[in-house]
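Values below: all heavy atoms of this structure, side chains included; hydrogens, waters and symmetry mates excluded.
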Amino acid sequence: MSTACLTIQETADAVSTGQCSARDSIQSALDRADALNPKLNALLQTLHEPAIRAATEQDNRRAAGDPMPPLAGVPIVIKDNMCLQGSRTTCASKILANYESPYTATALEKLIVAGAIPIAKTNLDEFAMGSSGENSAFEPTKNPWDPSRVPGGSSSGSASAVASRIVPGALGSDTGGSIRQPAAFCNLVGFKPTYSTVSRYGLVAFASSLDQIGPLTRTVEDAALLYHAISGSDPLDSTASPHPITNPLTNLHHPIDNLRIALPSVARTHTNHPAVTRALEHTIKALTNLGAEIIEVDLPTLDHAISAYYLIAPAEASSNLARFDAIRYGVRAEPKKGDDLFDLYANSRAQGFGPEVQRRIMLGTYALSAGYYDAYYRRACKVRRLVKQAFDNLFQPTNPSLACHAVLMPTAPHPAWQIGSLADDPLAMYLEDYYTVAANLAGLPAISLPAGFCHDTADHPLPVGVQLIAPAFAD
Ligand code: GLN
């Protein structure tokens, strides 16, 4: 039985009813990985042996009449900034090219306990810094819809692997849009949960107050399944919320005719690609037809969110990445005669980090330095608070009958661009995150949903996504 076109739920059902063994399901995903990865460069490492071993154990358990976990036999891929014991975790950086994970990230551990089987670690922008996958030290990933275009980033390989049907689901991380934007570029569902509902233990930190792990899948139900499996408190991450998480699967089929959805006017006036505007208008019509009320609102803080994000995220990155000093972590540069300790640090970091990571470290160090801290970092933190307040005013206004249940916007201003076309213009690339960063600054759950295709510019139709942002813990 071919499992390529099955969703996570369908794969789990096929394995649990014995239509397909766990081993066949995993082997067929590995075969697809071997066939497609040379074209897509989505995977940095495949895990043939451990994956087949885990599947065989599940089949043996089944044969012995033991109960099977709910996601038994479901193949998944993991962004290579999450630790999986026994595999390398490179963050697509030369500096961690040989780094072996000493333990498994909690979110991944929970998924494995639920029965899912990791078959590969996926490519990404180095240390998750980027919006296209081109900042990987191990070559860019291609978009399966049009291999001359980027798949989005930074969870580029996770998106490419799910869209090309190597696997039905993946874990990505989202600091400023890295799950949602590649999902939009690859016609997937990408979900960034409320900050703190998924443990970050074992996720290599980029910007700790913004980073969240979440799923990329082909259906909303699958995203809910994966989220349900990975969420919950964790004694190993003090920022993981003890707040009980409601099972998102129970709310999936609720009618939406009592929903009030806020539409920031800026989403209509911002310079979007015409296909993005069309997809947004189409979504508004579809939601209205289903009975939801769309209310146009002012959300001027979006303009400031992008500036605040590009100060706060690099500031936190500059501090988090200080640990890669080539002594405790990281590839060490060959010492030259007369080099002192400082030279060793500087040479190793200059050789180990790529240009975008170096740029972020310099920007962040500058924003945090004495004399500039108040002008940049502290001010950005104040803007962050205003961004959060603007969402609070929509979700919990003084008159509760005016409360909105969600905010609707595009996921990204453009569909996937040609590989290389923005590579020399970091600022233009940063502006592509216009719609995604606010949810991270405010810690809110946000989902990107497939919303149609752009037929304007390309030989191949290009997917377009829309985004819904909800109140904290309304995942
Ligand atoms: N594109 C954004 C950045 O480069 C977001 C990255 C992310 O979410 N990891 O910072």
Could you work out, with side chain to side chain donor-acceptor pair (under 3.5 Å) as the rule, every residue matching Arg200, not counting sequence neighbours?
Tyr195, Thr239

Would you say the side-chain atoms of [X] and [Y] include a donor-acceptor pair closer than 3.5 Å?
{"X": "Ser178", "Y": "Ser155", "result": "no"}
{"X": "Gln418", "Y": "Ser148", "result": "yes"}
{"X": "Ser173", "Y": "Asn81", "result": "yes"}
{"X": "Ser209", "Y": "Glu316", "result": "yes"}
{"X": "Ser208", "Y": "Asn320", "result": "yes"}
{"X": "Thr141", "Y": "Ser160", "result": "no"}
{"X": "Ser158", "Y": "Lys79", "result": "no"}

Using the salt bridge (charged side-chain N to carboxylate O under 4.0 Å, His left out) rule, collect all pairs that involve [range], keeping only residues at least two apart or in two chains.
{"range": "residues 381-393", "result": "Lys388-Asp392"}
{"range": "residues 215-231", "result": "none"}
{"range": "residues 179-191", "result": "Asp174-Arg180"}
{"range": "residues 113-123", "result": "Asp80-Lys121"}

According to ring pair (Phe, Tyr, Trp, His ring centres under 6.0 Å), who are the partners of [X], at least two apart in sequence or on a separate chain?
{"X": "Tyr377", "answer": "Tyr373"}
{"X": "Tyr310", "answer": "Tyr430"}
{"X": "Phe138", "answer": "none"}
{"X": "Phe473", "answer": "His243"}

Exam field: side chain [X] to backbone [Y], donor-acceptor pair closer than 3.5 Å:
{"X": "Asn37", "Y": "Ala42", "result": "yes"}
{"X": "Thr104", "Y": "Gln85", "result": "yes"}
{"X": "Asn123", "Y": "Glu139", "result": "yes"}
{"X": "Lys192", "Y": "Leu444", "result": "yes"}
{"X": "Thr436", "Y": "Asp433", "result": "yes"}

Parallel, tilted or perpendicular for His270 and Tyr434, by the 30°/60° rule?
parallel

Which word best sums up how the rings of Phe353 and Phe324 line up, parallel for under 30°, tilted for 30 to 60°, or perpendicular for over 60°?
perpendicular

Leu263 vs Arg268, side-chain contact (heavy atoms from CB on, under 4.5 Å): CA-CA, chis, key distance, verdict
CA-CA 9 Å; Leu263 172 74; Arg268 280 180 154 148; 3.6 Å; yes

Tell me, yes or no, whether the heavy-atom count around [X] atom [atom1], taken from other residues, nucleotides or ligands under 6.0 Å, exceeds 12.
{"X": "Arg260", "atom1": "CZ", "value": "yes"}
{"X": "Tyr103", "atom1": "OH", "value": "yes"}
{"X": "Glu296", "atom1": "CD", "value": "yes"}

Could you note down all residue pairs passing ring-ring contact (aromatic ring centres under 6.0 Å, His included) where residues 202-222 supplies at least one of them, sequence neighbours left out?
none

Going by the ring-ring contact (aromatic ring centres under 6.0 Å, His included) test, which pairs reach into residues 403-428, not counting sequence neighbours?
Phe185-Trp417

side-chain contact (heavy atoms from CB on, under 4.5 Å) between Thr217 and Thr7, intermediate numbers included:
CA-CA 8 Å; Thr217 55; Thr7 62; over 6 Å; no

What residues form a salt bridge (charged side-chain N to carboxylate O under 4.0 Å, His left out) with Arg379, not counting sequence neighbours?
none

Closest non-hydrogen atom pair between [X] and [Y], with its separation:
{"X": "Asp234", "Y": "Ala240", "answer": "N-CB, 3.8 Å"}
{"X": "Glu100", "Y": "Arg88", "answer": "OE2-CG, 4.1 Å"}
{"X": "Gly214", "Y": "Pro193", "answer": "CA-CD, 4.0 Å"}

Working for side-chain hydrogen bond (donor to acceptor under 3.5 Å, both in side chains), residues Tyr99 and Ser93
CA-CA 10 Å; Tyr99 178 69; Ser93 179; over 6 Å; no

